[in-house]
Amino acid sequence: MRHTVEILLNLIEQLELKVKDLESENQRLKDENNRLKGEQGKPDIKAKSKGFRSKHSSEKERKTPKKHSKGSKNATIKIDREEILEYPKDELPADAEFKGYEQVIIQDISLATDNRPLAKVPNKGNSEVIERKN
């Protein structure tokens with residue numbers, strides 16, 4: 001009994017190999033037939049290899065971080081004159097309180113520079129800058 005099982009297993013293995021060979025030959029012939037008709041055959045897709053064969057650096061090693069260069073320009077602007085804008089008190093809400101000035105630099109270009117900081121009174125919900133007419 002054991003001997004017959006071994007013979008059957010060997011026969012099954014031989015038949016599996018023969019089937020694989022016949023399938024690959026059949027596919028080759030189909031591809032050849034399609035090529036002769038002007039069509040494309042089945043693409044030969046190779047298995048992916050596991051892991052990298054060569055050294056690949058990581059994304060962080062390839063890219064060096066750049067320093068942030070954008071900064072405030074207000075420190076480098078030459079101030080020509082200073083003004084304090086007075087907001088009309090009758091246009092302010094009744095519960096408005098003075099909490100200090102907010103500095104704003106207005107840049108005008110003429111033949112000479114005319115840069116000046118403005119001190120404005122911020123009020124609740126409304127932060128309009130109104131330039132005083134001379």
Side-chain angles (χ1 to χ4, degrees):
M1 174 96 174
R2 184 178 178 126
H3 182 63
T4 48
V5 171
E6 285 181 8
I7 292 174
L8 286 175
L9 287 176
N10 286 338
L11 183 61
I12 291 172
E13 190 175 326
Q14 289 172 359
L15 290 175
E16 277 183 345
L17 289 173
K18 191 172 188 178
V19 166
K20 282 186 182 180
D21 289 341
L22 290 173
E23 283 177 346
S24 64
E25 184 180 357
N26 189 15
Q27 186 63 47
R28 186 184 59 77
L29 291 172
K30 283 182 181 179
D31 291 343
E32 179 70 16
N33 192 15
N34 285 339
R35 187 185 62 78
L36 291 173
K37 287 182 188 177
E39 299 173 3
Q40 291 184 349
K42 186 175 180 181
D44 186 24
I45 301 173
K46 307 211 187 248
K48 292 184 180 179
S49 62
K50 293 183 180 178
F52 292 112
R53 301 247 180 221
S54 62
K55 282 189 169 181
H56 282 70
S57 64
S58 67
E59 187 73 20
K60 289 182 181 179
E61 291 173 355
R62 282 186 277 152
K63 291 187 177 181
T64 57
K66 296 178 182 175
K67 292 188 176 183
H68 183 70
S69 61
K70 178 98 173 141
S72 175
K73 294 187 279 184
N74 290 348
T76 60
I77 294 175
K78 180 183 146 237
I79 304 297
D80 295 320
R81 58 188 163 109
E82 293 187 18
E83 290 182 32
I84 295 178
L85 291 181
E86 296 295 330
Y87 197 83
K89 292 186 180 191
D90 57 327
E91 293 182 20
L92 290 173
D95 59 344
E97 297 177 12
F98 179 73
K99 295 188 176 181
Y101 293 107
E102 179 182 348
Q103 183 171 335
V104 178
I105 296 179
I106 295 179
Q107 293 180 289
D108 290 331
I109 297 177
S110 60
L111 294 176
T113 60
D114 187 24
N115 301 328
R116 61 198 180 278
L118 293 178
K120 71 173 192 171
V121 179
N123 56 5
K124 294 180 183 178
N126 187 4
S127 60
E128 294 180 9
V129 176
I130 298 175
E131 190 170 351
R132 183 175 57 179
K133 304 274 185 197
N134 289 339

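Throughout, numbering of the chain's residues begins at 1 and tracks the sequence. Bear in mind the structure is a predicted one, so any value in this text is a computation, not a measurement. We use all heavy atoms of the structure for the numbers below, so side chains are in, but hydrogens, waters and symmetry mates are not.
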Quiz: residues 10-17 side-chain donor-acceptor pairs under 3.5 angstrom, not counting sequence neighbours:
residue, atom, partner, partner atom, Å
Asn10, ND2, Glu6, O, 3.4

Sole residue of Lys30, Arg35, Lys37 in side-chain contact (heavy atoms from CB on, under 4.5 Å) with Asn33: Lys37

Partners passing side-chain hydrogen bond (donor to acceptor under 3.5 Å, both in side chains) against Glu82 (at least two apart in sequence or in another chain): none

Approximate separation, where rounding is to 0.5 Å, of Asp80 CG and Gln107 CD: 10.5 Å

Path from Leu85 to Ile106 over hydrophobic side-chain contacts below 4.5 Å: yes

Gap between atom CD of Gln27 and atom CG of Asp31 - 0.5 Å precision: 4.5 Å

Donor-acceptor pair, side chain of Asn115 and main chain of Lys78, under 3.5 angstrom: yes

Pairing of Arg81 and Glu83 as salt bridge, 4.0 angstrom limit: yes

Test salt bridge (Lys or Arg N to Asp or Glu O under 4.0 Å) applied to Lys20 - qualifying residues, sequence neighbours left out: none

pair Glu25-Asp21: side-chain heavy atoms closer than 4.5 Å: no

